[in-house]
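First the structure, in the form of structure tokens, and then the observations on it.
As the structure lists them, so they are numbered: ligands from 1, and atoms in each ligand from 1. Residue numbers count from 1 along this sequence.
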Amino acid sequence: MTTTNQDLITAMLPLDSYTKELLAVLTQPLTNPKASGEKRKSEIRGLYEKACATNLTTPIINLFDLLLATRKEEEGTPADFGISSKELEHLAFKHQEIDEHMVSVGGRLTRALPIAAAANSRVDEYLSQKDVLVPSGIDKWQQIEKNKARIMAELGMDEGTWNSFPGQIRHAVDSVATLAKLIDLPKEQLESIAKVTASYRMRLTPYYTSLIMPGAINDPIMLQSVPTGEMVGNAGIEIPPVAADHSPARLVDQFYPRVLTIKATNMCAMYCTHCLRLAHIGRKDQVYSREAYGEALDYIRANERIRDVLITGGDAFVLPNSMLKWLLQELDGIDHIKVKRLGTRIPVTAPMRVDDELLDILEESNDRKAIRVVTQINTAQEITPLSRDTFRKLSKRTFAVLNQAVLLKGINDTRLKMWKLCETVHESYVRPYYLFNCSYRNPQFAHFRVPLEVGRDIVESMYGNISGDAIPRYIATAGGKIPLHRSNVVNREGNDIILRKPWSDEEVSYPDADPEVYSNELFAFRK
Ligand SMILES: *Cc1c(COP(=O)(O)O)cnc(C)c1O
Ligand code: SF4
């Protein structure tokens with residue numbers, strides 16, 4: 001044996017029950033022996049020598065695995081291959097000694113590896129489908145570049161105009177005639193869009209238009225940006241905007257004592273078909289005066305409970321750099337304001353807007369008080385190498401970049417689509433934050449709504465299967481944000497709580513804190 005200090009190890013840590021059982025199974029005499037081939041013999045001898053000669057765990061595991069298979073197939077016990085029980089035991093001790101966490105060969109082989117294999121099956125279907133059925137804009141980049149070339153030619157844009165924000169806005173697609181030139185749409189659909197755009201505003205940046213896949217029916221980018229007949233068909237009684245009951249001051253919305261929003265503009269680079277603020281956004285673009293912002297800031301200054309201010313719109317990044325700089329400086333100058341947020345969809349609708357000057361402004365403000373950028377990405381197809389790079393830069397200069405997605409029928413309402421969205425967002429330096437159940441308030445997009453339970457199942461399916469910080473919180477907006485997660489507390493038996501693992505529905509018992517110990521006033525240093 002090459003193992004050293006064998007006696008000492010034996011004294012220190014006995015073999016566990018998994019390993020004892022494994023050894024017992026291996027050395028049990030055969031009932032119906034079959035001859036084993038020369039190949040199997042030399043394979044076993046080879047592994048045995050490697051297991052003895054090296055300080056690696058893998059040859060030991062592989063050897064035991066092969067011996068177990070051989071034993072099960074009735075082709076021989078270890079002794080038939082010249083390995084004694086004593087030698088097997090020594091290898092088992094050696095495994096325990098090598099492994100930093102003292103994992104036993106029996107534990108790893110008969111418990112951990114099968115458990116890991118069973119868990120793998122939960123993601124196999126996702127892995128085989130995610131890049132084929134729900135490609136991201138990164139997966140589709142070649143096609144997007146082709147679309148871009150075609151759109152540039154049609155709109156008479158050069159590379160410089162394409163790469164500038166004013167260029168994107170100047171050439172924004174706002175008529176059916178232009179849209180028809182850029183993407184293939186059946187005649188009936190064009191007529192229906194023309195009907196809708198008479199009452200709803202359409203505007204796509206040429207960049208966002210390039211994300212639409214030619215020939216795709218119900219392309220998720222198109223669904224979010226091109227109004228469809230349903231919007232007019234559904235237009236019933238619109239529930240009045242909540243603004244009146246939640247706007248205590250000019251431009252301000254406040255649901256909570258510590259957080260408020262400043263709706264700093266009604267402009268967006270593009271208009272979403274599912275926009276909550278449809279009525280507000282749909283009107284003429286407006287630039288607000290410093291006087292208006294001044295009144296919002298005065299309200300904040302006078303209310304010391306407010307700690308977190310969210311500058312939103314519309315889209316905060318539509319504001320000129322000088323205005324953003326001024327607003328952030330004003331907020332940073334208020335003692336009780338400790339953190340800020342900017343709400344913007346521009347990194348996915350017109351990433352070229354995020355210039356170095358803006359990044360410098362964000363970093364400067366972040367150095368004074370933490371600033372987060374809150375964005376909205378609803379499908380992996382919205383994330384391209386360009387938007388990913390923009391998020392990378394934003395994440396370097398700010399405290400966090402967070403995503404608030406809206407659960408939308410046909411766009412992200414399956415496990416496959418949502419897992420892919422959340423993983424792609426995560427890989428693009430953005431953390432999934434909220435997933436909103438699409439609001440009941442606007443009848444114009446009733447066709448996008450997804451039942452609450454469907455969203456719950458999708459969100460719950462992510463636990464244990466994708467990284468925890470890539471799982472959003474599921475929310476209904478109803479005069480504030482109300483969490484919709486399923487409770488995984490199944491029952492209580494005495495002081496034990498029965499919990500459900502969302503990924504397997506397995507129930508586990510979880511002893512609660514002892515209420516008597518908890519109520520004990522004598523604690524730590526006070527004893
Ligand atoms: C969303 C929102 C906030 C921020 O809510 P968080 O839960 O802190 O993200 C604050 N005020 C209003 C009016 C909002 O709509
Ligand atoms: S970016 Fe936001 S505010 Fe602007 S249209 Fe889309 S959902 Fe509405």
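- The D253 neighbourhood of ligand 1 comprises atoms 13 (C), with distances under 4.0 Å to a heavy atom of that residue.
- Atoms of ligand 2 found under 4.0 Å from any heavy atom of Q376 (numbered from 1 in listed order, with element): 2 (Fe), 7 (S).
- Ion pairing between K140 and E145 fails under the 4.0 Å rule for side-chain N and carboxylate O.
- Distances shorter than 4.0 angstrom occur between a heavy atom of R341 and an atom of ligand 1.
- Ranking the protein heavy atoms by distance from atom 3 (C) of ligand 1 puts K481 NZ, 3.2 Å first.
- More than 12 heavy-atom neighbours from other residues, nucleotides or ligands sit within 6.0 angstrom of NZ on K148.
- Between the side chains of T390 and S387, no donor-acceptor pair of N or O atoms lies under 3.5 Å.
- The nearest protein atom to atom 7 (O) of ligand 1, hydrogens excluded, is given as Y434 OH, 2.6 Å; this is a heavy-atom distance.
- A salt bridge links D308 with R372: the distance from a Lys NZ or Arg NE/NH1/NH2 to an Asp or Glu carboxylate oxygen falls below 4.0 Å.
- F445 approaches C438 most closely through the heavy-atom pair CD1-SG, 3.6 Å.
- In terms of polar-atom proximity, defined here as any N/O pair under 3.5 Å, Y433 does make such a contact with ligand 1.
- Ligand-side atoms of ligand 2 in range of R345: 1 (S), range being under 4.0 angstrom from any heavy atom.
- Looking from atom 11 (N) of ligand 1 to the surrounding protein, the closest heavy atom is T261 CG2, 3.4 Å.
- Atoms of ligand 2 found under 4.0 Å from any heavy atom of C268, numbered from 1 in the order shown, are 1 (S), 3 (S), 4 (Fe), 5 (S).
- Salt bridge K393/D355: absent, no basic N to carboxylate O contact under 4.0 Å.
- Using modelled atom types and a 3.5 Å distance limit, the side chains of D219 and Q381 yield a donor-acceptor pair.
- Note on C272: counted as a metal contact of atom 6 (Fe) of ligand 2, an N/O/S atom lying under 2.8 Å.
- Aromatic ring centroids of Y463 and W503 lie 6.0 Å or more apart.
- Atoms of ligand 1 found under 4.0 Å from any heavy atom of Y256 (numbered from 1 in listed order, with element): 3 (C), 5 (O), 10 (C).
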